[in-house]
Number of protein chains: 2
Amino acid sequence: MSRKLTMSLESYLETIAELQIKFGAVRTSDLADEMGCKKSSVTSALQRLSEKGLINYQAYRPVTLTIEGHQAIERLSRFHGIIEDFLENVLDLPSDFSCEEACRLEHSLSKRTIERLKMFVDFIKTDTGKNKTAGIKNRFSKFLQDNED
Amino acid sequence: MSRKLTMSLESYLETIAELQIKFGAVRTSDLADEMGCKKSSVTSALQRLSEKGLINYQAYRPVTLTIEGHQAIERLSRFHGIIEDFLENVLDLPSDFSCEEACRLEHSLSKRTIERLKMFVDFIKTDTGKNKTAGIKNRFSKFLQDNED
DNA sequence: TAATATTGTTAGACATTTCTAATTCAGGGC
DNA sequence: GCCCTGAATTAGAAATGTCTAACAATATTA
């Protein structure tokens, strides 16, 4: 079994982390609801995550993340944050959409692109355009308004 | 059979289009080389693309795109171009890397994000920062140099 | 043309991901 | 303690996507 996670398993792992914070114990049904799939699919995913040592899983019991599971999540959630920040605060997309889109993209963007994207967001936030009044973000907002279809 | 393409089939279709321009006829072996997979995987993909009506396929003969195939490609290659442009000319990443990354991302980014990204790249290209000398691109380049690790 | 080399396909395997349907388990009520 | 209900799992199917190895078709070339 390879160590690398598929997009699907990454999503399950993240959702486990979310629900753990939200509810404490994480049950199969909650995961199925949140992921929009059947419970049997969840069981299958849990078994595969368990084989990879990312969750503590025993049949018929709530699951928890292992240390390794938490580490895997950490990288993902950092990626998610950077992408969401870019979509919402640079591209000026609505926050709910940005979050959903980040959920997809965090599994596709390479580390290299992510890190550069972070640099760019940081840059945009500090850059004021030297004319004091309007930073790039404001000018882009105006640009969007001027170019509405 | 669903009409929607998977990432994998999208990649095969694009590669067929590329090779068609490059070589005229598209053979299984060329596809396998370009995709970095075995010929039998190509055959399997070709059969599925054929069922979806995207390519003209007959065993042991070179393949060509159908009208539907061309249409599918059009959307994808536009997406690819926008993403590559962003990576290379806004994030200032190397062009070969940008192309590879765009190949992955064109299958993940939503239409909405792509269109907004295009607006943003257009904006960056016109925005000169109002101080005549340095546009955003130049300032970001400088920012990157100042913040090297 | 006949032998050979290349190219392409099939068959069969395996992993992933999902579903439905059947079964098993755990906790609460009696 | 026994039964029932709901939660969870298994079994079995299907689609995708890939591989290896065996086989078939085509091309080359002697």
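In what follows, every chain begins at residue 1, and chains take the letters A, B, ... in the order their sequences are listed.
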- Item | Rounded distance (Å) that lies between atom C1' of C/dT17 and atom CE of A/Met7 | 14 Å
- Task: Please work out whether the ring planes of A/Phe86 and B/Phe86 are parallel, tilted or perpendicular, with thresholds of 30° and 60°.
- Result: tilted
- Starting from C1' on C/dA15, measure out to CG on A/Leu5 and report it in whole angstrom. 15 Å
- Query: Could you state the OH-P distance from A/Tyr12 to C/dT17, rounded to the nearest angstrom?
  - Reply: 8 Å
- Using a 4.0 Å heavy-atom cut-off, write out nucleotides 4-10 of chain C from 5' to 3' as B (base contacted by protein), S (sugar-phosphate only) or - (no contact). ---SBBB
- Rounded off to whole Å, could you give me the CD-to-C1' distance for the B/Glu10 and D/dT16 pair? 14 Å
- Side-chain N or O of B/Arg48 closer than 4.0 Å to phosphate OP1/OP2 of D/dT16: no
- Task: Nearest whole angstrom, please: distance from the P of D/dT16 to the CG of B/Leu13.
- Result: 15 Å
- Task: Using salt bridge (Lys or Arg N to Asp or Glu O under 4.0 Å) as the criterion, list what pairs up with B/Glu74, not counting sequence neighbours.
- Result: none
- Message: Nearest whole Å is fine: how far is D/dA7 C1' from A/Lys38 NZ?
- Response: 14 Å
- Note on the structure: The reported gap from CD in A/Glu84 to SG in A/Cys99 (rounded to nearest 0.5 angstrom) is 4.5 Å
Can I get a per-line list of side-chain donor-acceptor pairs under 3.5 Å for residues 60-68 of chain A, giving both atom names and the distance, sequence neighbours left out?
residue	atom	partner	partner atom	Å
A/Thr64	OG1	A/Asn56	OD1	3.1
A/Thr66	OG1	A/Gly53	O	2.7
A/Thr66	OG1	A/Leu54	O	3.1
A/Thr66	OG1	A/Glu68	N	3.4
A/Thr66	OG1	A/Glu68	OE1	3.3
A/Thr66	OG1	A/Gly69	N	3.0

- In terms of side-chain geometry, is the basic nitrogen of A/Arg75 or A/Glu106 positioned less than 4.0 Å from the acidic oxygen of its partner? no
- Message: Please report the distance, rounded to the nearest Å, between NZ in A/Lys52 and P in C/dT17.
- Response: 8 Å
- Item | Charged N-O contact under 4.0 Å between B/Glu101 and B/Arg104 | yes
- Message: Rounded to whole Å, please give me the gap between CG in A/Asp33 and C1' in D/dA7.
- Response: 12 Å
